[in-house]
Amino acid sequence: MKKQLLLASILSSGLALSTLAAQAEIDQVANAKARLKEFESKHGTKNKDYYLMVASLAQAYQYAGKRKEAKEYFKQSLALLDQHENGKRIAAYQKQSWANTLLFGTQNASKEDREEALALLRNHEKYLDSQGADTHDYLNIAATYYRAKEWSELKALESKISTKLDEAANSTESKGKIYHITNGFFILGNMHVEKKNRQYIGIASSPEELEKATFYFQKAIALCERLPEKDGNAIEIYRSIAQFYKANGKTDLAAKYTKVLTKALGSSDPVILFPPVDICPACGRG
């Protein structure tokens, strides 16, 4: 009897959770509809930001697993941009955003959603090419490929980004641009590591990933060497990369860049070289 009661309790709990989840999805769509109606009553449907409200409803439908309605409203949001002053540019970035919704808006993206999302991202890359876009715009696409575990797409785009960053580095002496390019290489390196410890220092999952991260981090270091010894941005890069190498067993490189830090900061005190990270009470990380 006790076993039967326990089984009944488990089943009813599961049903309750399922009902709550379904209700949350319904509420999300209902809330998006209510916000759309409120916007219409206050600003009308000709307002330049109306497309955002329609896109928000499309997103809510996608989260609820109602793909047909989601696609319908997303198409409506794009159509509204035809009359917008910067419609073409906004639509391009809307499509990139929608690709993320298709990939991560539900627990498991369907094959069709995934294929559509990848097509949108490839088209966005072509758009960036046509506009001579900043390299960091491409990094947003790369981050999506990384999160979606699209390794072949990521590899090709990484190569493209790295080439662009190298070209930019070779043609500038501007400190601001060097900061920008250094940050790009640092982001690429961090795509090959997982933040698994309390200091939020990257740990590579394999020797191959460690070498990929090292490749990009060394490019960042090379740019730091073009900056003044006590440059604050360079110090932060040296600090992060020295900690990364120590955490991943590359003790020679860790020692090398710790020595650079010691000279730049005029101290060998570990607290000064590597200040303690305040632990976030919510996640337990920095």
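Along the sequence shown, residues are numbered consecutively beginning with 1.
With respect to Leu121, the side-chain contact (heavy atoms from CB on, under 4.5 Å) criterion is satisfied by exactly one of Lys95, Glu116, Gln96: Gln96.
The closest side-chain donor-acceptor pair between Gln62 and Asp113 falls under 3.5 angstrom. For the 3.5 Å distance criterion, the side chains of Tyr127 and Asp137 fail to qualify, holding no donor opposite an acceptor. Using modelled atom types and a 3.5 Å distance limit, the side chains of Asn140 and His124 yield no donor-acceptor pair. Tyr245 and Asp252 share no donor-acceptor pair across their side chains, judged by distance under 3.5 Å alone. No hydrogens or angles considered: a donor-acceptor pair under 3.5 Å links the side chains of Tyr179 and Asp231.
Between Thr262 and Ser267 there is no side-chain heavy-atom pair separated by less than 4.5 Å. At least one side-chain heavy atom of Leu103 sits under 4.5 Å from a side-chain heavy atom of Thr144. With a 4.5 Å cut-off on side-chain heavy atoms, Ile203 and Val193 do not count as touching. Side-chain contact check for Leu261 versus Phe274: some heavy-atom pair is nearer than 4.5 Å. In this structure, Lys111 and Glu115 have side chains that are in contact, with non-hydrogen atoms separated by less than 4.5 Å. Looking at heavy atoms from C-beta onward, Leu154 lies in side-chain contact with Met191 at the 4.5 angstrom threshold. Here the side chains of Leu165 and Leu188 are in contact, with some heavy-atom distance below 4.5 Å. Contact check for Lys149 versus Trp151: side-chain heavy atoms found under the 4.5 Å cut-off.
No donor-acceptor distance shorter than 3.5 angstrom exists from the side chain of Thr172 to the backbone of Ala168, with no hydrogens or angles considered. Between the side chain of Tyr238 and the backbone N or O of Lys259, no donor-acceptor pair lies under 3.5 Å. The backbone N or O of Leu273 sits less than 3.5 Å from a side-chain atom of Arg239, completing a donor-acceptor pair. Here the side chain of Asn47 pairs a donor or acceptor atom with the backbone of Asp49 at under 3.5 angstrom. Ser56 places no side-chain N or O within donor-acceptor distance of the main-chain N or O of Leu52, the cut-off being under 3.5 Å.
Surrounding CZ of Arg226 are more than 12 heavy atoms belonging to other residues, nucleotides or ligands, all under 6.0 Å away. For Lys160, the NZ atom is densely surrounded, since the number of other residues' heavy atoms within 6.0 Å is greater than 12. Surrounding NZ of Lys230 are more than 12 heavy atoms belonging to other residues, nucleotides or ligands, all under 6.0 Å away.
Between Tyr146 and His192, the gap from one ring centroid to the other reaches at least 6.0 Å. Checked against the 6.0 Å centroid criterion, the rings of Phe186 and Phe217 qualify as a close aromatic pair.
The distance from atom CD of Glu38 to atom CG of Asn31, rounded to the nearest 0.5 Å, is 11.0 Å. Interatomic distance, Leu223 CG to Lys175 NZ, rounded to the nearest 0.5 Å: 14.0 Å. Interatomic distance, CZ of Phe244 versus CG of Leu253, reported as 10.0 Å (0.5 Å rounding). Note that CG of Leu157 and CD1 of Ile161 are 4.0 Å apart. Values are rounded to the nearest 0.5 Å. Atom NZ of Lys219 sits about 11.5 Å away from atom CD1 of Ile181, to the nearest 0.5 Å. Once rounded to the nearest 0.5 Å, the distance linking CZ of Phe215 with CG of Leu210 reads 14.0 Å.
Under the 4.0 Å criterion applied to side-chain N and carboxylate O atoms, Glu40 and Arg35 are not assigned as salt-bridge partners. A salt bridge does not link Lys48 with Glu85: every distance from a Lys NZ or Arg NE/NH1/NH2 to an Asp or Glu carboxylate oxygen is 4.0 Å or more. Salt bridge Glu158/Lys212: absent, no basic N to carboxylate O contact under 4.0 Å.
Counting all heavy atoms, side chain and backbone alike, Ala220 lies closest to Ile237 at CB-CG2, 4.4 Å. Contact record, Gly202 with Asn248: O-ND2, 2.8 Å, taken as the closest heavy-atom pair.
Tyr61 does not carry Arg67 over the face of its six-membered ring by the limits of under 6.0 Å from the centre and within 45° of the normal.
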